[in-house]
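The structure appears right after this line, and notes come after that.
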Protein chains: 2
Amino acid sequence: MEQYSTSCTAEQDIAQLLRKQGINPTQQRVEIAQIMLARPQHLSADQILGMVNREHATVSKATVYNTLRLFVQHGLVHEVIVDPSKVFYDSNTGAHHHIYNVDTGMLMDIEADQLNLPAMPPLPEGTVAEGVDVIIRVRNSH
Amino acid sequence: MEQYSTSCTAEQDIAQLLRKQGINPTQQRVEIAQIMLARPQHLSADQILGMVNREHATVSKATVYNTLRLFVQHGLVHEVIVDPSKVFYDSNTGAHHHIYNVDTGMLMDIEADQLNLPAMPPLPEGTVAEGVDVIIRVRNSH
DNA sequence: CTGTGTGCAAAGCTTTTGCACTACT
DNA sequence: AGTAGTGCAAAAGCTTTGCACACAG
């Protein structure tokens, strides 16, 4: 089954990218990927839902969640866990860390080379490191 | 109004501690604090609810959440946000970081002096740092 | 026709809110 | 009586699950 093409080439590129990751490029997945991967950014599932349905109105909440989980598993995006109430999805998959403004909810990147971490401490027996997250929490100074 | 006393001194000590922090030591708060502050540990609201009600069965879920939020505001415990699905409450309030095993859900401490962080990078205008969280995610090697 | 994969309504969590109640003034 | 503070049932919000449907072999 072929997907609709609205004569825009970007969709083709996205579809190609998904195929390369072993993901079947359905209409819903392409729409979500187009928004998510357009540029490095941090979005919650809710924000993505709103952006997808602003124009096309064809994707349900559950599908947004399931698709984002799929993208995380395939390494297309990263989860950023800074707020107890929601997960952010990050299309910048390079090594970097985060500044989180607890007043505004805004999330910013710090490139890894601006914050050199020392050597890893000894890990528990039988475990291997999967990643290191550094979150600098800031608030507005009045 | 005085709280019940079951002739145990620990309750008195906890009540004293809460008063020192400006928290009215009601029965529910003392019971939660007794479990939470018994030793340095990481517990979810659900685990605390289970432990409180194992013996006394007198505290509701909502009260556990509200009480823990109160304790966080008064600096008695810290929130640890590592898992998208639940918050952990940490009775170790000293400077330290965490190792999180994504397979088992286990959370361990790293003392701050085992992982010296370099100087803080420049923060956005009009913001001040509130804290830095470092989370090393590990998984079982097979 | 059978089996695999997809999308979404409904269910399942954790957490917050609004209100009845209590305890003090 | 009036007022401030407390605990919890019910509501809200985020995320996952189970199932109907679609498509490929």
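Treat the numbers as computed from the prediction; the structure is a model and nothing was measured. Just so you know, these numbers use all the heavy atoms, side chains as well, and skip hydrogens, waters and symmetry mates. Every chain is numbered from 1, with letters handed out A, B, ... down the list of sequences.
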- Query: Is the closest side-chain heavy-atom distance between A/His42 and A/Met108 below 4.5 Å?
  - Reply: no
- Item | Summary of salt bridge (Lys or Arg N to Asp or Glu O under 4.0 Å) pairs that have at least one residue in residues 81-90 of chain A, sequence neighbours excluded | none
- Task: Quick one: list whatever passes ring-ring contact (aromatic ring centres under 6.0 Å, His included) with A/His97, sequence neighbours left out.
- Result: none
- Message: Does a side-chain N or O of A/Ser60 approach OP1 or OP2 of C/dC8 to a distance below 4.0 Å, or not?
- Response: yes
With 3.5 Å as the limit, what N/O pairs link the protein to nucleotides 3-6 of chain C?
residue: C/dT6; atom: OP1; partner: A/Asn24; partner atom: ND2; Å: 3.2
residue: C/dT6; atom: OP1; partner: A/Arg29; partner atom: NH1; Å: 3.0

- Query: With sequence neighbours excluded, what pairs up with B/Asp133 under the salt bridge (Lys or Arg N to Asp or Glu O under 4.0 Å) test?
  - Reply: A/Arg137
Show me the donor-acceptor pairs within less than 3.5 Å that the side chains of residues 61-68 of chain B make with the rest of the protein, sequence neighbours left out.
residue: B/Thr63; atom: OG1; partner: B/Ser60; partner atom: OG; Å: 3.2
residue: B/Asn66; atom: OD1; partner: B/Arg69; partner atom: NH2; Å: 3.1
residue: B/Asn66; atom: ND2; partner: B/Ala62; partner atom: O; Å: 3.3
residue: B/Thr67; atom: OG1; partner: B/Thr63; partner atom: O; Å: 2.7

- Item | For atom CD of A/Glu31 and atom P of C/dC8, their distance in whole Å | 10 Å
- What one-letter contact string describes nucleotides 12-17 of chain C from 5' to 3', where B marks a base within less than 4.0 Å of any protein heavy atom, S marks contact via sugar-phosphate atoms alone, and - marks no contact? --BBBB
- Query: Applying ring pair (Phe, Tyr, Trp, His ring centres under 6.0 Å), which residue pairs with at least one partner in residues 73-94 of chain A are found, sequence neighbours left out?
  - Reply: none
- Any residue meeting side-chain contact (heavy atoms from CB on, under 4.5 Å) with B/Ala112, in chain and number order, not counting sequence neighbours: B/Ala95
- Any residue meeting salt bridge (Lys or Arg N to Asp or Glu O under 4.0 Å) with B/Glu130, in chain and number order, not counting sequence neighbours: A/Arg139
- Message: Please list all pairs meeting salt bridge (Lys or Arg N to Asp or Glu O under 4.0 Å) that have one or both residues in residues 21-39 of chain A, counting only residues at least two apart or in different chains.
- Response: none
- Message: Under 3.5 Å for both pairing distances: what stems, at least three Watson-Crick or G-U pairs long, include DNA chain D?
- Response: C:1-25 with D:1-25
- Message: Expressed as a whole number of angstroms, how long is the span from A/Glu79:CD to D/dT16:C1'?
- Response: 13 Å
- Item | For atom NE2 of B/His74 and atom P of D/dG5, their distance in whole Å | 11 Å
- Task: Considering only Ile, Leu, Val, Met, Phe, Trp and Tyr, and joining two whenever side-chain heavy atoms are under 4.5 Å apart, list the other residues clustered with A/Ile81.
- Result: B/Ile81
